[in-house]
Amino acid sequence: MIGPDDIQSLFGPLLDQISDDTLREKVVGTWVEACRIGGWQSVDELMDMPFTLLTDCHGISFVEHTTAVTAGALALASVQVEYYRQLPYTIDSDWLVAGGLLHDVGKLMEIEPDGEGGYVKSYAGRCARHPISGAILAAQLDLPQEVVNIIACHAKEGVGRPQRIETVFVHQADFATFNPLVMLKKGDLIGEE
Ligand SMILES: [Fe+2]
């Protein structure tokens with residue numbers, strides 16, 4: 001069974017950037033609970049899990065994607081803080097990191113092994129896509145509503161909906177790590193045909 005130490009081993013450097021101890025513990029707890037619900041048993045299983053079923057991941061795992069999106073969202077925030085003389089909104093880096101680490105946590109309930117080395121969408125995933133299931137779980141585990149917004153609205157579910165600035169950064173970092181793979185598959189990534 002996957003426990004808090006396992007999640008710490010996967011995301012330690014990013015978790016350490018959350019200054020609020022309670023929030024950090026809740027992020028870890030949400031991952032542990034999602035792994036339990038989804039039936040994921042070990043870190044090795046998590047390391048092999050693809051981050052999407054919508055296109056070819058080219059070996060990029062769910063853990064790698066979660067790390068890249070969180071670090072990317074932090075970078076999007078930090079360049080604005082560094083280069084804009086005045087920032088017209090307040091960025092909460094604790095919520096940003098927590099939301100980055102949890103934005104796809106619902107995929108632990110949406111994706112399951114097919115028993116033949118591949119992965120399929122689960123029945124739960126057909127009933128509620130990962131932004132919905134992840135947001136429900138985070139709300140049940142008492143994550144701040146702002147973090148729930150990041151999870152609920154980071155993908156198409158958030159289009160046209162009110163969003164935190166941290167949600168915008170997580171969404172853009174997510175799209176930048178997902179869409180090139182879709183373009184690659186379509187032959188639309190110039191130089192990679
Ligand atoms: Fe994602």
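What you see is a predicted model, and the numbers here were worked out from it, not measured in a lab.
Taking the side chain to side chain contact (heavy atoms under 4.5 Å, CB included) definition, one finds that E146 meets it with W95, P144, R164, sequence neighbours left out. With sequence neighbours excluded, the residues forming a side chain to side chain contact (heavy atoms under 4.5 Å, CB included) with N179 are F175, V182, M183, listed by chain and number. Listed by chain and residue number, E110, K121, P131, A155, K156, E157 satisfy the side chain to side chain contact (heavy atoms under 4.5 Å, CB included) test with R129 (two or more places apart in sequence, or in another chain). In this structure A138 satisfies the side chain to side chain contact (heavy atoms under 4.5 Å, CB included) test together with L143, V148, I151, sequence neighbours excluded.
Atom CD in E193 sits 8.5 Å away from atom CG in D188 (nearest 0.5 Å). Separation of atoms OH (Y119) and CG (D114) is listed at 8.5 Å; rounding is to 0.5 Å. With rounding to the nearest 0.5 angstrom, the CE atom of M47 is 7.0 Å from the CD atom of E64. Atom CG of L101 and atom OG1 of T70 lie 4.0 Å apart (nearest 0.5 Å). Separating the CZ atom in R24 from the CG atom in D20 is a distance of 8.0 Å, to the nearest 0.5 Å. One finds the SG atom of C153 at 12.5 Å from the CD atom of E166 (value rounded to the nearest 0.5 Å).
Side-chain contact, Y89 with Q80: a donor N or O sits under 3.5 Å from an acceptor N or O.
Counting heavy-atom neighbours within 6.0 Å of Q145 CD, excluding the residue itself, gives a total of 12 or less.
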Side chain to side chain contact (heavy atoms under 4.5 Å, CB included) assessment of H65 paired with V69: CA-CA 6 Å; H65 170 76; V69 168; 3.3 Å; yes
Verdict with reasoning, N149 to R161, per side chain to side chain contact (heavy atoms under 4.5 Å, CB included): CA-CA 10 Å; N149 179 255; R161 309 307 309 163; over 6 Å; no
Residue pair I111, S122: steps toward the side chain to side chain contact (heavy atoms under 4.5 Å, CB included) verdict: CA-CA 5 Å; I111 295 173; S122 67; over 6 Å; no
Side chain to side chain contact (heavy atoms under 4.5 Å, CB included) evaluation trace for L137 with M109: CA-CA 10 Å; L137 182 63; M109 300 171 280; 4.0 Å; yes
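The aromatic ring centres of H154 and H171 sit 6.0 Å or more apart.
I136 and L108 are assigned to two separate hydrophobic clusters, defined by single-linkage of ILVMFWY side chains at heavy-atom distances under 4.5 Å. Each of V79 and F169 belongs to its own hydrophobic cluster when Ile, Leu, Val, Met, Phe, Trp and Tyr are linked at side-chain heavy-atom distances under 4.5 angstrom. Both I150 and L141 are assigned to one and the same hydrophobic cluster, defined by single-linkage of ILVMFWY side chains at heavy-atom distances under 4.5 Å. Put simply, F51 and L54 are part of the same group of oily side chains (I, L, V, M, F, W, Y) that touch within less than 4.5 Å, one to the next. With hydrophobic clusters built from ILVMFWY side chains whose heavy atoms lie under 4.5 angstrom apart, Y123 does not share a cluster with V120.
With hydrogens and angles ignored, the 3.5 Å screen pairs no side-chain donor or acceptor of T167 with any backbone N or O of Q163. Side-chain atoms of E45 come within 3.5 Å of backbone N or O of Q41 as a donor-acceptor pair.
Screening residues 86-109 for salt bridge (Lys or Arg N to Asp or Glu O under 4.0 Å), with sequence neighbours left out, gives D104-K107.
Residues S61 and D48 have side chains not in contact (no heavy-atom distance under 4.5 Å, counting atoms from C-beta outward). Residues V170 and L96 meet the side-chain proximity criterion, which asks for heavy atoms closer than 4.5 Å.
Residues G72 and A173 come closest through the heavy atom pair C-CB, 3.9 Å. In plain terms, the two heavy atoms of T177 and D174 that are nearest each other are OG1-O, 2.8 Å. Here the closest heavy-atom approach between residue V27 and residue A98 is recorded as CG2-CB, 3.6 Å.
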All N/O donor-acceptor pairs, side-chain side in residues 1-18, below 3.5 Å, sequence neighbours left out:
residue: D6; atom: OD2; partner: G3; partner atom: N; Å: 2.9
residue: S9; atom: OG; partner: D6; partner atom: O; Å: 2.6

